[in-house]
Amino acid sequence: MGKLPKYFYQREDVLKIAHELLGKLLVTNFDGLRTSGRIVECEAYAGTGDRASHVYGGRRTTRVEPMYAAGGIAYVYLCYGIHHLFNVVTNVAGTPHAVLIRGIEPVEGIDMMQLRTPSRHIYQLGKGPGKLTRALGIHTIHSGYNLQSRELHLYDDGFVYPENKIIRSPRIGVDYAGDDALLPYRFSIEGNKSVSK
DNA sequence: TATAAGATTTACT
DNA sequence: GTAAATCTTATAT
C-alpha cells in the first residue's frame, strides 16, 4: 500500500517491473485536481541494446536524457507532433531502462478526464498511450519529473490482478525495430476494456 | 539549413 | 481501409 518507493523502480529487471506495474494506480494531482487510473497495459524498453528504444546504440539527446538518470522519474515525449507518451524510468543512473504505460482504467477524477478529452466513454479515456496522458493532463514538461511527488506518482492500493489474466505479447508500433519488435515485452490484462488493440 | 520519420489517434472514403 | 494532423529529433547538405 502507498506510493511506490524509489527502490521499486531502481531494481534491475525491467520486465519484472513492467509486470508488477499492472494493477497499480497512476495518479496525477495538477492544479489541485486529482485524477488516477489503474494500469492495464504497459511495455518494457530495455536500454541501449533494444532497437525499439529511443536510447538504442547509446543515443543521448536532450529528449532522452531523463532515461539515463536513476529510476523513479518520468520520461515523457511527443510522438507524431501530437501525442504525449508517458514512461516510467527504471534501473540505476546510466542504465536507461523504461516502461511505457499504454492503457489505464479510469478510477478517480473521471469527470476531469472527460473534460480533457473528447471521448465520452469511460473505458476509452485511458485506452492507448496518447489518450491516457491527455486524460491525466501529462505533458512533455513533466519529463524528468520525480515520481515521489504529490503531483505525479504511482500508487499501490493493494489491488492485484490474477496471474492468469496477464498476457505477454510483442510490443505495438515498433516494426522498425527488426527482430526486437518480436520480443514479448508487452504486458496487458486479458479482456480489459482499456487495453488498446 | 533542410528533410524525413516517428513507442499515435482520429476522421473520412 | 486510407490519410491527415503536427513538431521534435536525427541525418544529411
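Sequence lines set the chain letters: A, B, ... in the order given, protein chains first and strands last, and positions in each chain run from 1.
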*Which part of the nucleic acid does A/R59 contact within heavy-atom distance under 4.0 Å: base, sugar-phosphate only, or nothing?*
sugar-phosphate
*Ring stacking, A/Y45 with base of B/dA7, under 5.5 Å and under 30°?*
yes
*Just how far, in rounded Å, is C1' of B/dA7 from NE2 of A/H84?*
15 Å
*With a 4.0 Å cut-off, would you call A/E41 and A/R186 a salt bridge?*
yes
*asked:* Could you tell me how far apart A/Y80 (OH) and B/dA5 (C1') are, to the nearest whole angstrom?
replied: 8 Å
*asked:* Say we look at C/dG1 and B/dA7: how far apart would their P atoms be, to the nearest angstrom?
replied: 23 Å
_Expressed as a whole number of angstroms, how long is the span from A/Q124:CD to B/dT9:C1'?_
11 Å
*asked:* Can you check the distance between C/dA3 and B/dA5, where both ends of the measurement are the C1' atom (answer in whole Å)?
replied: 16 Å
*Under 6.0 Å from the NZ atom of A/K6, do we count more than 12 heavy atoms belonging to anything else shown?*
yes
*Checking A/N91 side chain against A/E12 main chain: does a donor-acceptor pair fall under 3.5 Å?*
yes
*Extract, from 5' to 3' on DNA chain C, the first and final nucleotides lying under 4.0 angstrom from some heavy atom of chain A.*
C/dA5 to C/dA10
*Take atom P in C/dA4 and the same atom in B/dA4, then report the distance between them in whole Å.*
16 Å
*Answer with yes or no whether A/H83 presents, from its side chain, a donor or acceptor under 3.5 Å of a partner atom in the base of B/dA7.*
no
_Within 6.0 Å of CG in A/N164, more than 12 heavy atoms from elsewhere_ = yes
*Of the nucleotides B/dG6, B/dT9, B/dA7, which one has an atom closest to the side chain of A/V174?*
B/dA7
*Could you give me the stems involving DNA chain B, meaning stretches of three or more consecutive Watson-Crick or G-U wobble pairs whose two defining distances are both below 3.5 Å?*
B:1-6 with C:7-12, B:8-12 with C:1-5
*Quick one: which of A/K165, A/K127, A/E105, A/R38 gives a side chain to side chain donor-acceptor pair (under 3.5 Å) with A/N192?*
A/E105
*Gap between atoms OH and P, on A/Y176 and B/dG6 respectively (whole Å)*: 8 Å
*Anything under 30° is parallel, anything over 60° is perpendicular, the rest tilted; go ahead and classify A/F30 against A/Y145.*
perpendicular
_Just the rounded figure in Å: distance from P of B/dT8 to CZ of A/R171._
12 Å
*Distance, rounded to the nearest Å, where A/R63 contributes CZ and B/dA5 contributes P*: 16 Å
*asked:* Please pick, from B/dT9, B/dA7, B/dT8, the nucleotide with the shortest atom-to-atom distance to any side-chain atom of A/R134.
replied: B/dT9
*Applying the 4.5 Å side-chain criterion to the ILVMFWY set and letting contacts propagate, would A/V174 and A/I167 be lumped into a single cluster?*
no
*Which class fits the ring pair A/H19 and A/F187: parallel under 30°, tilted 30 to 60°, perpendicular over 60°?*
parallel
*To the nearest Å, give me how far apart NZ (A/K131) and P (B/dA7) are.*
19 Å
*Hey, is CD1 on A/I122 packed in by over 12 heavy atoms from elsewhere, all under 6.0 Å?*
no
_Taking CD in A/E65 as the centre, count heavy atoms belonging to other residues, nucleotides or ligands within less than 6.0 Å. Is the count above 12?_
yes
*Under 4.0 Å between a side-chain N or O of A/K127 and OP1 or OP2 of B/dT9?*
no
*asked:* Measure NE2/A/H54 against C1'/B/dG6 and give the value in whole Å, please.
replied: 7 Å
